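Since the model is a prediction, treat every value here as computed from it, not as a measurement. Note that these values count all heavy atoms, side chains included, but never hydrogens, waters or copies made by symmetry.
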Amino acid sequence: MNIGRLRPRRAQVVGRIAVTTALAGLSLIVTTLPALAETLSSESFAGARIPAGGWVIGSPKGVDYPCATAATASTPGLLPACREVVAGKAKADPDGGGAFRLTDNSSFNAGSLLFDKPIRADRGVTLEFDMYQYKGKPTTDKYGKRGADGIAFWIVDGSRTKVDPGAAGGGLGYNGLTGAFVGIGFDEFGNFSSTPGGPGGPGLKPNTVAVRGSASAGYKYLFGKSLDPVTHPIAVDAATRRADARRRVSVGINSDNIMNVTVDFQDGKGPQPVVVDLDLDRLPGQEPLPKTLKVGWAAATGNAAAVHEIGGFTARTLDADIRLTVGGDRELTAGVGGSVTLTATNALNAGISTGPVTVGYDVGAGLTVTRAAGPGWICTTGGQKVSCTRSDPLPPGAAYPPIALDVTAGLGAVLGSVPVTASLTGAPTAAVVGALTVKPAATKAVVKIASSPNPYAAGGRFNYTASAANPGPGPLTGARIAVTWPPAFKPLKWRCTASGGAVCPAAEGTGDVAATADLPIGAALTYTQDCQIPVGVTASFTASIALVAPGSGCTDQKPCVAAETNRPGLP
């Protein structure tokens, strides 16, 4: 009975959470300091004297024997030199410039290498190595020219005390491997996806990365990705130098059995994903990730052949991949507050974050963080900076509760794009600059009009006083002011007075007023007209003022208006 299959999957693992942001250009993907990988094992295979401790060599068929290409002799306690070097028919590679050869390019050959020491996998694991398939002797059929066969990378349950390779040839030593957890075939010829590789599969698929499941799942085919042999060749048959065929492979498996594989084809484009977020548990009978692992490689040749080598092996704990999402208001108004949210999420295919995680936020000149809080976070704020820390583990695919920030923009804040920086503790790229947009303060201009005395006395005098004022919090530029006097008093002369830094467009004039002026904060323009009421006139008179100003609530569709009516007094 597979007890491990009874473990609950984490409820919060629901899929990759997209990194999005409401602030243009502000997003971040970094690894936090506590989750930086711990190296568990490494071997370059480049040296002339490589300790054999833990390394188990197998050669189920063929005249060649797996060997360290920089070794000059087969010395007890060290990985052996290659047969032709020992025989004096070839020179060893320079010390520090070698690799481990699984097969030469002779036909019907096979070789394997197992690291028979357990590697801890409780936090998930990243396994990396260099792979070389070159000096091909291809055959030609309907699939074209192909060397053979390929290289398989094995992962085995670390509790196994005896691990025997499986079938050679197209099975690449994996089909029948004892204690097998998962096998990845870097298959030039294509048989790992067919019957020689095990049950299932689409049939022969050249230049393919294929995945097969555990021994308990019957080595069944789980996934395959065929690659373009021109742009992404797994093998370089025409290459005569190892360096020209180098492929850097990275295999990551987290504690929830999610696997990712990348290959760097040395084309300047960096690691290319070939297996993305593959849930190994979708294969019935598949083992969960063992607490410890053993790893190995195997290669084979047939009628077609190629040299198969590995190097640069490293095993380390799987990194956490914490991503910071910034959301909330992307625009703030000068003098008015807004809100921003910071959410830290661990990627689905990542390792567990096991130490303190610190999120920082630094706003630009004129902005202030007045509050920062989130469940479980300990936050401190100081003017333009906020720092929030917590120490509880963050599993893959899970997110910490968001941090809510209150951000205010002072009246003196720089208008337009204001830089802000979000950060996570750790990696060199742990901070990125984005921007908030600060809009001018919305100012509601004040318009008033009054007449005095009101009511007026027949045959007496009274005046109208119409004013447009800006109490703030922002300036008004290009305000349009219109004053309409009663028709009976046209074209009486009016006067303009200014205060608070405003300037009258004209000191005096006759008729209605139509003027454009700037009104700084605290400024006002006042228009006054004196009226003489003829004896015997008893009519009511109404004057009004209207204002339209960009950045205020006074618009063409809805101007700010005030009116005053003066009526005659009782006789």
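The existence of a salt bridge linking Lys291 and Asp122 is excluded, since no basic side-chain nitrogen approaches an acidic carboxylate oxygen closer than 4.0 Å. With respect to Arg241 and Asp244, a salt bridge is recorded, a charged nitrogen being found less than 4.0 Å from a carboxylate O.
In this model, no donor atom of one side chain and acceptor atom of the other lie less than 3.5 Å apart for Asp149 and Asn191. At a cut-off of 3.5 Å, with distance as the only test, a side-chain donor of Ser226 or Thr208 sits close to an acceptor on the other residue. No side-chain donor-acceptor contact under 3.5 Å links Thr314 and Ser42. Checked by atom type, the side-chain pair Asn260/Asp277 shows a donor-acceptor distance below 3.5 Å.
Nearest heavy-atom pair, Leu78 versus Ala52, reported as atom, atom and distance to 0.1 Å: C-CB, 3.7 Å.
The one candidate from Phe129, Trp154, Tyr174 that meets the ring-ring contact (aromatic ring centres under 6.0 Å, His included) condition with Trp297 is Phe129.
Between the NZ atom of Lys205 and the CG atom of Leu227 there is a distance of 12.0 Å, given to the nearest 0.5 Å. The structure places CG of Asp116 at 10.0 Å from NZ of Lys162, a figure rounded to the nearest 0.5 Å. With rounding to the nearest 0.5 angstrom, the CD atom of Gln272 is 4.5 Å from the NE2 atom of His232. A distance of 6.0 Å separates CD in Glu188 from CD in Gln133, rounded to the nearest 0.5 Å. Between Tyr143 atom OH and Leu204 atom CG the span is 5.0 Å, to the nearest 0.5 Å.
Annotation: side chain of Leu79 is in contact with side chain of Phe45 (closest heavy-atom distance under 4.5 Å). The shortest distance between side-chain heavy atoms of Ile253 and Val182 falls below 4.5 Å. Counting only heavy atoms from C-beta outward, the side chains of Leu289 and Leu280 never approach each other to under 4.5 Å. A 4.5 Å side-chain heavy-atom check between Trp55 and Glu43 finds at least one atom pair inside the cut-off.
Checking side-chain atoms of Arg212 against main-chain N and O of Pro199 turns up a donor-acceptor pair under 3.5 Å. Side chain of Thr178 to main chain of Asp164: a donor-acceptor pair is present (N/O by atom type, distance under 3.5 Å, no hydrogens or angles). In this structure, the side chain of Tyr219 does not engage the main chain of Ala180 through any donor-acceptor pair within 3.5 Å. Looking at Lys220, its side chain never comes within 3.5 Å of a backbone N or O of Leu283 through a donor-acceptor pair. Looking at Thr301, its side chain never comes within 3.5 Å of a backbone N or O of Asn105 through a donor-acceptor pair.
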